[in-house]
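Read through the structure below, which is laid out as structure tokens, and then see the notes.
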Amino acid sequence: MGYAVSDSFIGGVQRDIVAAENARQLADHRADYDALRARLARTGVDLEAVVEKLMSLSVGLPSWGTVSGGTRFARYPLPGEPTNIFEKIEDCAVVQQLTGMTPNVSLHFPWDHCDDYVELRQFTEAHGLGFDPVNSNTFQDQPGQKRSYKYGSLSHASAATRRQAIAHNIACIEIGKKLGAKAITVWIGDGSNFPGQSDFTDALDRYLESMREVYAALPDDWRVFLEHKLYEPAFYSTVIQDWGTSILCAQFLGDKAQCLVDLGHHAPGVNIEMIVARLARFGKLGGFHFNDSKYGDDDLDAGSLNPFQLFLIFNELVEAERRDPAHCHPAYMMDQSHNVTDPIESLLNSSRAIQAAYARALIVDREALRRYQNDNDVMMAHNALRMAFEMDMRPAQAEARLRKGGALDPIACFRASSYRGHKAETRAFKPNLGGGIV
Ligand code: RM4
Ligand code: MN
Ligand code: MN
């Protein structure tokens with residue numbers, strides 16, 4: 001196949017570039033870190049403990065997020081972008097190399113189909129990566145596919161189409177088993193565009209019946225994540241449209257079924273952090289798709305528009321973990337579409353934004369917050385969150401990256417490496433200029 005692993009192939013950014021960039025910034029970094037440590041110590045926060053926590057943060061990379069995304073109008077491909085799953089893994093390895101916080105890749109089938117999954121697993125592991133949940137795709141027809149998903153998949157009125165969609169999900173589980181993944185995320189585009197087109201209850205019943213079969217194919221140590229989204233591609237009704245339907249379905253299916261929250265999949269203004277708290281309370285918070293959104297499922301870079309919301313979400317995640325450390329382990333992933341930036345840079349920057357939200361959530365004075373809440377001291381309760389959000393935690397974040405062998409300034413290293421320029425010379429350029437999100 002030509003994807004033999006060799007030393008020169010592994011690790012996209014030359015180690016000496018990272019070392020030189022880190023050395024150049026080290027003295028400033030040390031001074032900033034010491035200042036932050038002293039500042040936080042005055043409020044009883046141990047910065048070392050925060051850095052330890054940051055070092056354990058793991059956010060999965062979406063294989064599809066390594067390629068230039070697009071809108072339904074157009075796509076502007078980037079020379080040097082990956083053309084297959086092996087090249088996507090190479091790019092993910094760069095993000096992990098520089099951030100140390102993205103050790104797993106989430107694959108999407110059939111987009112990431114390959115002939116030899118043993119080879120893919122070895123290749124991925126040789127690049128220092130593993131696998132997060134696999135994703136099925138029954139929202140699109142594939143060449144040669146027998147039955148169309150135009151009118152739905154797992155909830156389709158035709159039993160034969162439902163069988164095809166069920167078989168695809170089970171095939172994804174089989175691939176995931178070969179790769180060492182432990183979960184499958186199921187998002188369907190099923191719904192309707194016209195009032196009257198579909199019966200809400202029948203469609204949901206058919207979905208549940210199909211999902212029961214997918215659920216039955218899960219190995220003992222696997223989970224299935226149900227991902228809701230309010231609209232698109234269906235513009236009138238969607239079968240799994242919100243977290244209410246999602247948790248009901250997860251409860252119907254059983255313990256291995258949990259809900260996945262994609263930050264772009266809610267109506268504007270919805271209190272997503274509260275959804276997180278509710279799902280966690282009932283043991284159904286399975287996973288996360290990080291991105292940012294202004295209008296709908298925009299798939300913008302995490303934290304680029306609303307870092308306060310991202311912080312409030314992490315605040316709930318930290319709370320949930322504190323309440324139930326044995327059970328609350330949501331799988332964190334990014335799900336973004338990079339339309340106008342280099343995807344690697346977007347993934348680096350998004351990692352930083354997610355890490356920042358977590359770092360700030362970790363320094364909330366929870367005892368004081370509880371006290372203010374119980375005393376109905378509204379302003380001080382609010383400020384307990386605001387003060388943490390307004391703290392510049394970048395030195396702690398950089399320290400966590402450094403201790404994991406990463407970069408003090410990931411984007412500077414990436415740019416210094418000329419990685420993309422090199423790939424533009426060596427990778428085939430197969431531009432798909434048509435519309436479509438990926
Ligand atoms: C959907 C949803 C899914 C993702 C696809 C590409 O809107 O977010 O998670 O797999 O897009
Ligand atoms: Mn998603
Ligand atoms: Mn989405």
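A quick note: this is a predicted structure, and the numbers were derived from the prediction, not measured. When a ligand or atom number is given, it counts from 1 through the structure's own listing order. All residue numbers refer to positions in the sequence shown, counting from 1.
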(message) Please give the atom name: the N, O or S atom of Glu227 nearest to the Mn ion (ligand 2).
(response) OE2
(message) Is it true that Thr341 and Glu345 share a donor-acceptor pair across their side chains at a distance under 3.5 Å?
(response) no
(message) Contact between ligand 1 and Glu232 is defined here as a heavy atom of the residue under 4.0 Å from a ligand atom; is it met?
(response) no
(message) Before we go on, tell me: are the rings of Tyr358 and Tyr332 under 6.0 Å apart, centre to centre?
(response) no
(message) Just verifying a value: how many Å separate Lys404 NZ and Leu98 CG, rounded to the nearest 0.5 Å?
(response) 14.0 Å
(message) Please compare Asp297, Asp262, Asp299 and report which has the shortest non-hydrogen distance to atom 7 (O) of ligand 1.
(response) Asp297
(request) Please determine if the Mn ion (ligand 3) has an N/O/S atom from His265 lying under 2.8 Å away. (result) yes
(message) Tell me which N, O or S atom from Asp335 is the closest to the Mn ion (ligand 2).
(response) OD2
(request) Restricting to N/O/S, name the atom of His289 that gets closest to the Mn ion (ligand 2). (result) ND1
(request) Could you tell me which N, O or S atom of Asp262 is nearest to the Mn ion (ligand 2)? (result) OD2
(message) Please give the atom name: the N, O or S atom of Asp297 nearest to the Mn ion (ligand 3).
(response) OD2
(request) Taking only heavy atoms of Asp335 into account, list the atoms of ligand 1 that are under 4.0 Å away from them. (result) 2 (C), 3 (C), 4 (C), 8 (O), 9 (O)
(message) To the closest 0.5 Å, what do you measure between NZ (Lys53) and CD (Gln355)?
(response) 14.5 Å
(message) Is it the case that ligand 1 has an N or O less than 3.5 angstrom from some N or O of His289?
(response) yes
(request) Describe, in one word, how the ring planes of Phe311 and Phe308 are oriented to each other, choosing from parallel (under 30°), tilted (30 to 60°) and perpendicular (over 60°). (result) parallel
(message) Using the ring centroid of each side chain, check whether Phe288 and Phe225 are separated by less than 6.0 Å.
(response) no
(request) Any atoms of ligand 1 less than 4.0 Å from a non-hydrogen atom of His108? List them with their elements. (result) 4 (C), 6 (C), 10 (O)
(request) Any atoms of ligand 1 less than 4.0 Å from a non-hydrogen atom of His265? List them with their elements. (result) 2 (C), 7 (O), 8 (O)
(request) Please check if the distance between the ring centroids of His168 and Phe139 is under 6.0 Å. (result) no
(message) Between ligand 1 and Trp111, can you find any atom pair, the residue atom being a heavy atom, that is separated by under 4.0 Å?
(response) yes
(message) Do the side chains of Glu319 and Arg281 get close enough for a salt bridge, i.e. N-O under 4.0 angstrom?
(response) no
(message) Just to be sure I read this right, does ligand 1 sit under 4.0 Å from the backbone of Thr185, its side chain, both, or neither, counting only heavy atoms?
(response) neither
(message) Between His266 and His228, is the ring centroid distance below 6.0 Å?
(response) yes
